[in-house]
Asks: 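After the structure tokens below, expect a handful of questions from me.
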Amino acid sequence: MIKLIVLIFSLLYYVPCKANKNVVFIIGDDLKPALGSYGDLNAYTPNIDRLSSQSFVFTKAYAQHALCAPSRNSLLTSRRPDSLHLYDFYSYWRTIVGNFTTLPQYFKEHGYHTHSIGKIFHPGLSSNFSDDQPYSWSQNPFHPKTEAYKNAKVCQNSDGSLGKNLICPVVTEFQPDKTLPDLESFFFHKHHSFHKPHIPFKFPTEYLDYHPLDKITLPNIRVRDDIKKLNISFPYGPVTDDLLRQIKQSYYSSVTYIDDLIGQILEHINLNQTIVVLTGDHGWSIGEHGEFSKYSNFQEATGVPLIIHVPNLSKRKVTIESFVELVDIFPTLVDLTQVSAPLVKCPKNIKINTCTEGRSLLPIMLQTISSQRVTGKLAAFTQYPRPGPYPTMKPNSDKPHLSQIKIMGYTIIMKHFRYTEWVKFNTSNFIPDWNQTYGEELYALNIDPDENENIADRKEVANILKYMKKKLMSGWRYI
Ligand SMILES: *[C@@H]1O[C@H](CO)[C@@H](O)[C@H](O)[C@H]1NC(C)=O
Ligand SMILES: *[C@@H]1O[C@H](CO)[C@@H](O)[C@H](O)[C@H]1NC(C)=O
Ligand SMILES: *[C@@H]1O[C@H](CO)[C@@H](O)[C@H](O)[C@H]1NC(C)=O
Ligand SMILES: *[C@@H]1O[C@H](CO)[C@@H](O)[C@H](O)[C@H]1NC(C)=O
Ligand SMILES: *[C@@H]1O[C@H](CO)[C@@H](O)[C@H](O)[C@H]1NC(C)=O
Ligand SMILES: *[C@@H]1O[C@H](CO)[C@@H](O)[C@H](O)[C@H]1NC(C)=O
Ligand SMILES: *[C@@H]1O[C@H](CO)[C@@H](O)[C@H](O)[C@H]1NC(C)=O
């Protein structure tokens with residue numbers, strides 16, 4: 001489930017602005033901060049850890065939506081899902097809301113050569129079946145041929161037959177074309193791209209060695225053959241501890257596989273001249289809250305790694321604990337490269353093509369390294385839609401289509417609390433009705449970091465809840 005997408009901007013050398021730098025942007029698919037440099041003891045990620053040791057490492061980075069297409073389009077246009085009207089996979093912003101400029105498009109228009117390898121845009125309608133060509137890229141995006149086998153029956157069962165399994169360690173030479181998509185991208189381009197840990201957890205078996213089952217600690221997969229065979233009832237059937245351990249082992253092995261490829265990429269990059277950004281489109285829940293998926297507003301689904309290496313600013317690991325959001329990446333790269341004046345903040349109720357609904361991170365990076373007071377955001381926002389108040393197979397409550405959406409869950413994450421309100425949502429005008437609430441969730445992160453106990457109805461926190469609700473309703477502009 002983690003796909004690593006590498007997007008490379010390489011600077012056209014004749015651009016006469018000496019502050020310009022090359023940019024390598026790497027996005028893992030479903031990659032949560034399951035990394036050594038984020039203190040995850042299950043992880044084995046020596047290469048990303050080495051990059052982190054000379055980078056800014058943001059410990060509170062959030063996706064604006066825990067689903068690939070809405071999250072990626074949000075990141076790449078620096079607009080929130082409510083501005084793109086995208087909560088599923090089935091619309092293209094240029095056609096339905098506005099001719100908004102993307103991050104790679106902006107760099108292309110300012111003298112960069114932009115190239116996409118693997119999954120940067122989500123494929124399909126949400127990027128007009130073309131990875132937003134001809135707007136975003138200087139040359140046609142590269143997709144590995146073996147992406148075609150993404151959901152094919154290529155995973156070995158214990159009886160030797162092949163299945164469409166969730167847990168799928170493979171011997172690479174027995175795979176179609178004797179390779180895997182991330183390996184194919186990598187070797188094809190010598191130093192660029194990948195596709196894991198997105199499900200299925202298909203990775204070369206040797207990466208299991210880094211993650212022995214007995215070292216794995218315990219914390220919608222049901223369409224996969226191996227899981228289906230277990231007859232686990234939907235939606236509340238329990239997954240056994242054994243299976244949970246194996247799923248977790250596979251997730252971390254997929255991350256190690258990607259880490260290895262990233263290590264090989266980094267060998268080809270001169271970090272003195274290249275900005276490197278490593279992030280994920282959203283996280284993934286490995287059994288937390290009984291879920292094995294993204295599709296929620298919880299920490300595991302919305303928290304992402306964000307590692308930014310900047311030549312001359314990054315001599316050591318610099319940890320930044322302010323809240324940051326994926327919409328911040330576009331304005332940050334504009335400032336770091338000085339490719340133009342800073343992006344303007346998108347005005348309220350007026351559509352302009354080039355603007356940001358995020359905030360450049362350069363000020364807090366500079367404040368942190370010069371030990372000044374850090375004036376970052378005090379909160380992050382994320383959202384997730386549902387077709388009704390209860391889990392359902394039809395419509396699929398994990399991935400409702402736009403026309404099925406009836407409720408929007410809006411979440412604000414602040415230092416001590418996470419607050420979510422589920423409100424009636426009108427998909428004709430895209431306006432939430434804050435007078436019609438289906439549910440509220442409040443978690444005290446100091447004492448309940450795993451967000452297991454909803455305290456929204458407790459009298460003792462009534463004022464906190466009121467405060468969080470007010471901040472949530474006033475939204476990202478006022479944080
Ligand atoms: C959208 O923007 C692109 C790039 O600036 C431009 O080439 C194109 O003509 C615009 N399309 C419309 C419909 O305005
Ligand atoms: C989307 O792709 C179609 C088919 O290639 C093309 O005709 C259309 O102009 C594209 N949309 C935009 C907004 O560029
Ligand atoms: C699941 O159900 C099928 C068909 O009812 C049965 O043959 C199989 O043994 C069951 N599997 C388990 C693990 O209970
Ligand atoms: C990068 O810069 C450092 C110090 O400024 C220098 O020691 C090192 O050799 C440089 N590396 C490359 C690959 O240019
Ligand atoms: C890094 O700093 C050195 C010395 O101040 C300067 O010569 C060089 O151009 C800078 N490099 C970049 C990529 O900004
Ligand atoms: C949704 O918004 C549209 C357009 O503003 C309005 O006509 C419609 O009545 C609204 N639907 C509901 C259920 O409120
Ligand atoms: C919600 O209630 C407030 C105050 O009662 C009212 O002003 C507002 O129009 C209502 N909003 C909607 C969408 O009904």
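Counting starts at 1 for both ligands and their atoms, following the listed order. All values reported here derive from a predicted model rather than from experimental measurement. Any value given below was found using the heavy atoms of this structure, including those in side chains, with hydrogens, waters and symmetry copies removed.
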Asks: What pair of heavy atoms forms the shortest contact from R79 to S74, and how long is it?
Replies: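 Minimum heavy-atom contact is O-OG, 2.7 Å.
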Asks: Using a 3.5 Å cut-off on N or O atoms only, is T95 in polar contact with ligand 2?
Replies: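 N/O-N/O distance under 3.5 Å: no.
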Asks: Give yes if a backbone or side-chain nitrogen or oxygen of Y135 is under 3.5 Å from a nitrogen or oxygen of ligand 2, and no if not.
Replies: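 Indeed, backbone or side chain, Y135 has an N or O that close.
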Asks: Can you confirm whether some protein heavy atom lies under 4.0 Å from atom 4 (C) of ligand 2, or whether none does?
Replies: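 Not a single protein heavy atom is under 4.0 Å away.
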Asks: Would D281 and K294 pass as an ion pair if we require N to O under 4.0 Å?
Replies: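 Salt bridge between D281 and K294, a charged N being under 4.0 Å from a carboxylate O: no.
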Asks: Does ligand 6 come near enough to K424 that some N or O of the ligand is less than 3.5 Å from an N or O of the residue?
Replies: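 There is no such contact.
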Asks: Quick check, are the ring centers of F25 and F107 under 6.0 angstrom apart?
Replies: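 So the answer is no for these two rings.
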Asks: What is the closest protein heavy atom to atom 10 (C) of ligand 2, and at what distance does it sit?
Replies: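 Protein heavy atom at minimum distance: N128 ND2, 2.5 Å.
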Asks: Indicate yes or no: does an N/O atom of S428 lie under 3.5 Å from an N/O atom of ligand 6?
Replies: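 Checking ligand 6 against S428, no N or O pair falls under 3.5 Å apart.
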Asks: Do the side chain of T332 and the main chain of L361 share a donor and acceptor less than 3.5 angstrom apart?
Replies: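 Yes, the answer is positive, given that a donor and an acceptor are paired below the 3.5 Å cut-off.
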Asks: Run the contact test for Q105 against ligand 1 with a 4.0 Å cut-off on heavy atoms, strictly below, and give the result.
Replies: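 Right, Q105 reaches ligand 1.
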Asks: State whether the number of non-hydrogen atoms from other residues, nucleotides or ligands found under 6.0 Å of K399 atom NZ is greater than 12.
Replies: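 No, NZ of K399 has 12 or fewer neighbouring heavy atoms, counting only those of other groups under 6.0 Å.
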Asks: Considering only protein heavy atoms, which is closest to atom 13 (C) of ligand 2, and at what distance to one decimal place?
Replies: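 Going by distance alone, atom 13 (C) of ligand 2 is nearest to Y92 CE2, 3.7 Å.
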Asks: Measuring to protein heavy atoms, does anything land under 4.0 Å from atom 7 (O) of ligand 6?
Replies: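 Looking at atom 7 (O) of ligand 6, one finds that no protein heavy atom lies closer than 4.0 Å.
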Asks: Considering distance alone, does some N or O of N99 sit under 3.5 Å from an N or O of ligand 1?
Replies: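 Yes - when backbone and side-chain N and O of N99 are compared with those of ligand 1, one distance drops under 3.5 Å.
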Asks: Compute the centroid of each ring, for F203 and then for Y257, and state whether the two points are separated by less than 6.0 Å.
Replies: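 No; Y257 has its ring centre 6.0 Å or more from that of F203.
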Asks: Taking the six-membered ring for Trp and the full ring for Phe, Tyr or His, determine whether the centres of W137 and F142 are under 6.0 Å apart.
Replies: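 No; F142 has its ring centre 6.0 Å or more from that of W137.
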Asks: Check E421 with K469, please: is the shortest side-chain N to carboxylate O separation under 4.0 Å?
Replies: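 Looking at E421 together with K469, the answer is yes, because their closest N to O distance falls below 4.0 Å.
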Asks: Starting from atom 2 (O) of ligand 6, locate the nearest protein heavy atom and write down its residue, its atom name and how far away it is, to 0.1 Å.
Replies: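 Going by distance alone, atom 2 (O) of ligand 6 is nearest to N426 ND2, 2.3 Å.
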